[in-house]
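To start, the structure under review is shown below, and the notes come after it.
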Amino acid sequence: KPVLTTQEQTTENSGDKATANTQDPRVAKLIAKMYVLKSGYMGQIEAIVNSMKAEYVTYPASERTTSLKASIATKYMNSINAMEAQCDAQVEAIVTELRAVLKETGADESLADSILSAYKTEKASTKSYYIGKYAD
């Protein structure tokens with residue numbers, strides 16, 4: 001069977017547009033961009049958490065209370081919120097570009113919806129994890 005272009009695969013698969021167009025190099029590049037973005041921000045989160053821990057242990061053991069943890073966390077909150085807003089904007093830009101590529105190729109845009117939904121779910125889960133882990 002001859003190798004088909006993405007557009008030909010879309011036509012031949014009649015209805016399996018999302019699968020066929022994920023082979024478009026632009027789609028693959030945007031998906032890879034999401035993984036790089038995730039990795040970078042996870043590294044930044046770990047760096048912030050490590051800074052918070054390092055600051056906490058500089059205090060004498062008798063002063064290491066829950067209120068001290070909260071105070072330290074509050075000091076980092078502006079940078080955490082700014083980082084989250086920056087990440088949200090980058091994700092939105094990638095998803096918007098992905099949606100445009102999918103639309104241009106006649107593909108089902110549900111891939112963009114799935115990626116955005118997965119991002120929001122993972123972000124909520126990550127926040128919950130860190131809040132739960134460091135709240136007590």
side-chain hydrogen bond (donor to acceptor under 3.5 Å, both in side chains) against Y76, all qualifying residues, sequence neighbours excluded
E55

Between the OG1 atom in T105 and the CG atom in L102, the distance rounded to the nearest 0.5 Å is 5.5 Å

Say you draw a straight line from OH of Y59 to OG of S71; how long is it, rounded to the nearest 0.5 Å?
6.5 Å

Would you give me the side-chain donor-acceptor pairs under 3.5 Å for residues 27-42, sequence neighbours excluded?
residue, atom, partner, partner atom, Å
K38, NZ, E122, OE2, 2.8
Y41, OH, Q86, OE1, 3.1
Y41, OH, Q90, OE1, 2.7

Reported NZ-to-OG distance for the pair K123 and S128, which is rounded to 0.5 angstrom:
13.5 Å

Distance-only, no hydrogens or angles: does the T74 side chain make a donor-acceptor pair with backbone N or O of A70 under 3.5 Å?
yes

So OG of S79 and CD of Q44: to nearest 0.5 Å the spacing works out to 9.5 Å

Residue list, side-chain contact (heavy atoms from CB on, under 4.5 Å) with K127, at least two apart or on another chain
E84

Just verifying a value: how many Å separate L116 CG and S110 OG, rounded to the nearest 0.5 Å?
12.5 Å

Which atom pair, heavy atoms only, marks the closest approach of L68 to E63?
CD2-O, 3.4 Å

List in chain and number order the residues that pass side-chain hydrogen bond (donor to acceptor under 3.5 Å, both in side chains) with K103, two or more places apart in sequence or in another chain; answer none if no residue qualifies.
none

Sorted by chain and residue number, the side-chain hydrogen bond (donor to acceptor under 3.5 Å, both in side chains) partners of T65 (sequence neighbours excluded) come out as S67

Using distance only, find each side-chain donor-acceptor pair of residues 94-101 under 3.5 Å and give its atom names and separation, not counting sequence neighbours.
residue, atom, partner, partner atom, Å
T96, OG1, E92, O, 2.8
R99, NH1, D113, OD1, 2.9
R99, NH2, D113, OD1, 2.9

Validation row: V91, K120 side chains within 4.5 angstrom (heavy atoms)
no

Mind checking the CD-CZ spacing from E104 to R26? Nearest 0.5 Å is all I need.
4.0 Å

What residues, two or more places apart in sequence or in another chain, satisfy side-chain hydrogen bond (donor to acceptor under 3.5 Å, both in side chains) together with R64?
none

